[in-house]
Amino acid sequence: MDNKTIEATLLEIARTLELKGENPFKVRAYENAARAVASLEEDVATLIREERLKHIPGIGASIREKLLELCGTGQLAYLEELRAGIPAGVFDLMKVQGMGPKKTKAVWELLGVTSLEELEKACRDDRVAHLKGFGKKTQDKILSGLALLARTRDRVLRAEALPQARRLADALAAVEGVERVEVAGSLRRGRETVRDVDILVACPKAEPVMEAFVAHEDVADVIARGPTKTSVHVHSGLQVDVRVVPPESFACALAYFTGSKEFNVHLRQLALDQGFTLNEYSLRPLDGTPAPALATEAELFGKLGLAYVEPELRENTGEVDAARAGTLPTLVEPGDIAGVLHVHTTWSDGVGSVADMVEEAARLGYGYVGISDHSQAARYANGLSPERLRAQREEVEAARAAHPGLVVLHGVECDILSDGALDLPDDCLAELDFVIASVHTELGMDRDRMTARLVRAVSHPLVRVLGHPLGRRLLERESSQFDWEPVLEAAGHNGVAIEVNGQPQRLDADWIHIRRIRARGVKLCINPDAHAPGTLDDARRHALVEARRGWASRDDVVNSLPADRFVSEFLRRQAAPARPARARR
DNA sequence: GCCGTTTTCGGCCCGACTGTTTTCAGTCG
């Protein structure tokens, strides 16, 4: 049983307990356990087998027993029992904004509502408004919550949300008296997808800021408006929350609104242990002495005995302890990325020519760029045959001549066929500077076959990078299933790097597996998977953030090497690409 | 249900806003 299923099971228990009005701390315990499982770098089954489950924080004796049963039998009697009598559709009701466990329970038990359709009908029939604790406004709010749920996906890609957030943040920064504006929340933490946008504003007076915010042309409707906090939907359906705090509170507020929630809980507990109470305004001593002035988050963390924790790490998965012990990694920075591979052109499914893409790489200041179009099996993408690949080389040579300061590498993104063989013959691959091997077909293949397929591919001596290993598309398609250990073992043995793909809907490998890859000593290659000049910098814009979330430092990233070492130490090829300016014929 | 150099029992982060209320419960983050 995979971790994802276990996580879902624990969350279902939490939702069920909530609905039954159980002790909220018990609910939280199951939520925490679910998070603990989700962020594991290894399978629960492995931890059970090696009796290491007891060392996982958040999983105590009781939940451990349940995981043993779940992994052993594939079932859980406790959950079956809890589930009895609750129609599955009731859980959908809790997805409606404003519907928590109490209101859900009320409409279900008192009105017999067990689906979103029935909830809408009950509202339209004016039955919800007459329930105790409900009213006309609540009923209307539920209706608009239902409409929103139908119209939008629950979450949006970070890359989609970020420009919308920046636009509003820029507008608020222009309001008179505003001292600072910061996009906080999960966007600042670099989550792949976000549910809403949090913008923090430092200003002595909140009212003008809120006025400007709700009057902004992007705002569709106002959800809630108070003196310090206002929530709206913008026209895309995305929710945006703005908080205004006095300038002297900015550091505490930024930490608070950046989250994660679990990180905040941990931080506040730590504060209590040390005789403080922490909220979004200040770190206040419990003995009544004045709160210290804190100008930055680093000062706040310092007061608590912690090194500065980068936003990308604030998921309460060990970073607080590491900050206390001084063992946090120095995360890879944009400036560390010396060059990129995985760039498509008009030869396959890109929209820029070889010259366009190389030109853009030069403009961005990269030291090397690797052209890698699809191979022939990718018919849909106009993949390249050996003949076309050889023909493409002339354009690559021309680009080299045009940019003597840039190392232009010629490679391919070669399909991994269903049996793990590569899509192009070895003699063809051997003529190239590098090979990225990627799966594009039969992504849903069963776990054992997929594992064998990937192991065979990364064991091929000419393969340098395993492209987008999970094959996921965020909000659309789940990851492929395979066992990472044998794949990483083979990759490590063959010196193959695992890609961190910068397409906003891929971000693949993901941060949790990146931590696992690093732990095995396998290198990462931070790539854009660019299909247009404008996406060439997605390596630094998106893939880098994912790598940082995976605690990656410069040394984990193979394309932090300067061009000469990248070629000689990683590509291990002494031939032409290291000296692009020299004539070959 | 988890957790523990003050604790194996009794805590468990903290605040904003709304709507239905005559003082607060529910939801959200």
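Within every chain, numbering begins at 1; the chains are lettered A, B, ... in the order of the sequence lines, protein sequences first and strands thereafter.
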Applying a 4.0 Å non-hydrogen cut-off, can you work out what Lys66(A) is touching in the nucleic acid: base, sugar-phosphate, or nothing? sugar-phosphate
Partner set under side-chain hydrogen bond (donor to acceptor under 3.5 Å, both in side chains) for Asp92(A), not counting sequence neighbours: Lys95(A)
Rounded to whole Å, please give me the gap between CZ in Arg64(A) and P in dC2(B). 9 Å
Distance, rounded to the nearest Å, where Gln97(A) contributes CD and dG19(B) contributes P: 13 Å
Please report the distance, rounded to the nearest Å, between CZ in Arg324(A) and P in dT5(B). 10 Å
Quick one: label Pro101(A) by what it contacts on the DNA or RNA (base, sugar-phosphate, nothing), any heavy atom closer than 4.0 Å. sugar-phosphate
Complementary nucleotide for dA25(B) - Watson-Crick or wobble, under 3.5 Å: dT18(B)
Measure from NE2 on His266(A) to P on dC2(B) and round the result to the nearest Å. 17 Å
Nearest whole angstrom, please: distance from the C1' of dC28(B) to the CD of Gln239(A). 9 Å
Separation between CD of Glu7(A) and OG1 of Thr9(A), rounded to the nearest 0.5 Å: 9.5 Å
Separation of the P atoms in dG26(B) and dT20(B), to the nearest angstrom: 14 Å
Rounding to 0.5 Å, atoms SG (Cys203(A)) and CG (Leu172(A)) come to a distance of 10.0 Å
Return yes if a side-chain donor-acceptor contact under 3.5 Å exists between Thr114(A) and Glu118(A), otherwise no. yes
Expressed as a whole number of Å, how far does the P atom of dT7(B) sit from that of dG11(B)? 15 Å
Tell me which of Ile63(A) and Phe134(A) sits closer to the 5' end of DNA chain B, going by the nucleotide each one is nearest to. Ile63(A)
List the atom pairs, donor and acceptor, that lie under 3.5 Å between side-chain atoms in residues 325-334 of chain A and the rest of the protein, sequence neighbours left out.
unit_1, atom_1, unit_2, atom_2, d
Thr327(A), OG1, Ala322(A), O, 3.4

Quickly work out the Glu22(A) CD to dC2(B) P distance and round it to whole Å. 13 Å
Per-nt protein contacts along nucleotides 8-18 of chain B (heavy atom under 4.0 Å; B base, S backbone sugar-phosphate only, - none) come out as ----BBBSSSS
Roughly how many Å is it from CG in Leu17(A) to P in dC2(B), rounded to a whole number? 12 Å
For Lys4(A), is there an ion pair with Asp2(A) - N to carboxylate O distance below 4.0 angstrom? no
Would you classify Gly185(A) as touching base, sugar-phosphate or nothing, given that sugar-phosphate means primed atoms plus P, OP1 and OP2, and contacts are heavy atoms under 4.0 Å? nothing
Have a look at Thr317(A) and tell me which of Arg515(A), Glu262(A), Glu41(A) forms a side chain to side chain donor-acceptor pair (under 3.5 Å) with it. Arg515(A)
Rounded to whole Å, the CG-C1' distance (Asp321(A) to dC3(B)) equals 14 Å
Report which part of the nucleic acid Lys132(A) touches: base, sugar-phosphate, or nothing (heavy-atom distance under 4.0 Å, all strands). nothing
